[in-house]
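For reference, positions follow the sequence shown, starting with 1.
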Amino acid sequence: MEISRQSSGDLVVLQLAGRLDANWCNHVESALATAVREGEHRLHLDMNAVSYISSAGIRVLLACYKQLRAINGLFGVVRPSDAVRSVLE
């Protein structure tokens with residue numbers, strides 16, 4: 001899993017590449033938590049290059065969504081790959 005970060009104004013986009021499974025969900029969770037701790041409350045995950053997402057990965061996405069919603073933040077998945085879109089739908 002590769003995680004890269006881009007900022008545009010008050011929006012942070014984390015680009016993920018690889019498999020979001022039990023082996024990598026802690027890394028993604030840590031990257032999201034770091035962004036929130038740094039005061040970033042508008043986050044998008046670009047999942048165009050994610051080939052697989054497990055239930056552990058979905059748990060991470062849901063936890064971050066709930067955390068940001070509680071503080072009137074924004075969280076979204078953008079450009080999901082076909083595999084990710086299928087699971088999320």
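In this view, Ala17 and Glu2, Ala49 satisfy the side chain to side chain contact (heavy atoms under 4.5 Å, CB included) rule, not counting sequence neighbours. Applying the side chain to side chain donor-acceptor pair (under 3.5 Å) rule to Ser4 yields the partners Gln15; only residues at least two apart in sequence or on another chain are considered. Qualifying salt bridge (Lys or Arg N to Asp or Glu O under 4.0 Å) partners for Arg79, counting only residues two or more places apart in sequence or in other chains: Asp46.
By the rule that hydrophobic residues join a cluster once side-chain heavy atoms approach within less than 4.5 Å of another member, Phe75 and Ile71 end up as members of one cluster. Two different hydrophobic clusters hold Val77 and Val13 under the rule that ILVMFWY side chains link at heavy-atom gaps under 4.5 Å. Placement of Tyr52 and Val78 in two distinct hydrophobic clusters is found when ILVMFWY residues are connected by side-chain heavy-atom separations under 4.5 Å, directly or transitively.
Using a distance-only test at 3.5 Å, with no hydrogens or angles considered, no donor-acceptor pair links the side chain of Ser7 to the main chain of Val12. Remark: side-chain polar atoms of Ser8 are not paired, donor with acceptor, to backbone N or O of Leu11 under 3.5 angstrom.
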All N/O donor-acceptor pairs, side-chain side in residues 21-29, below 3.5 Å, sequence neighbours left out:
residue, atom, partner, partner atom, Å
Asp21, OD1, Asn23, N, 3.1
Asp21, OD1, Trp24, N, 3.4
Asp21, OD2, Arg19, NE, 3.4

Solution key, residues 53-68 side-chain donor-acceptor pairs under 3.5 Å, sequence neighbours excluded:
residue, atom, partner, partner atom, Å
Ser54, OG, Ala56, N, 3.2
Ser54, OG, Gly57, N, 3.4

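A 4.5 Å side-chain heavy-atom check between Met47 and Leu20 finds at least one atom pair inside the cut-off. The closest side-chain heavy-atom distance from Val36 to Leu32 is not below 4.5 Å.
Annotation for Gly18 and Met1: closest pair C-CE, 4.0 Å, computed over non-hydrogen atoms.
Residue pairs meeting the side-chain hydrogen bond (donor to acceptor under 3.5 Å, both in side chains) criterion with at least one member in residues 35-44, sequence neighbours excluded: Arg5-Glu38, Asp10-Arg42, Thr34-Arg37.
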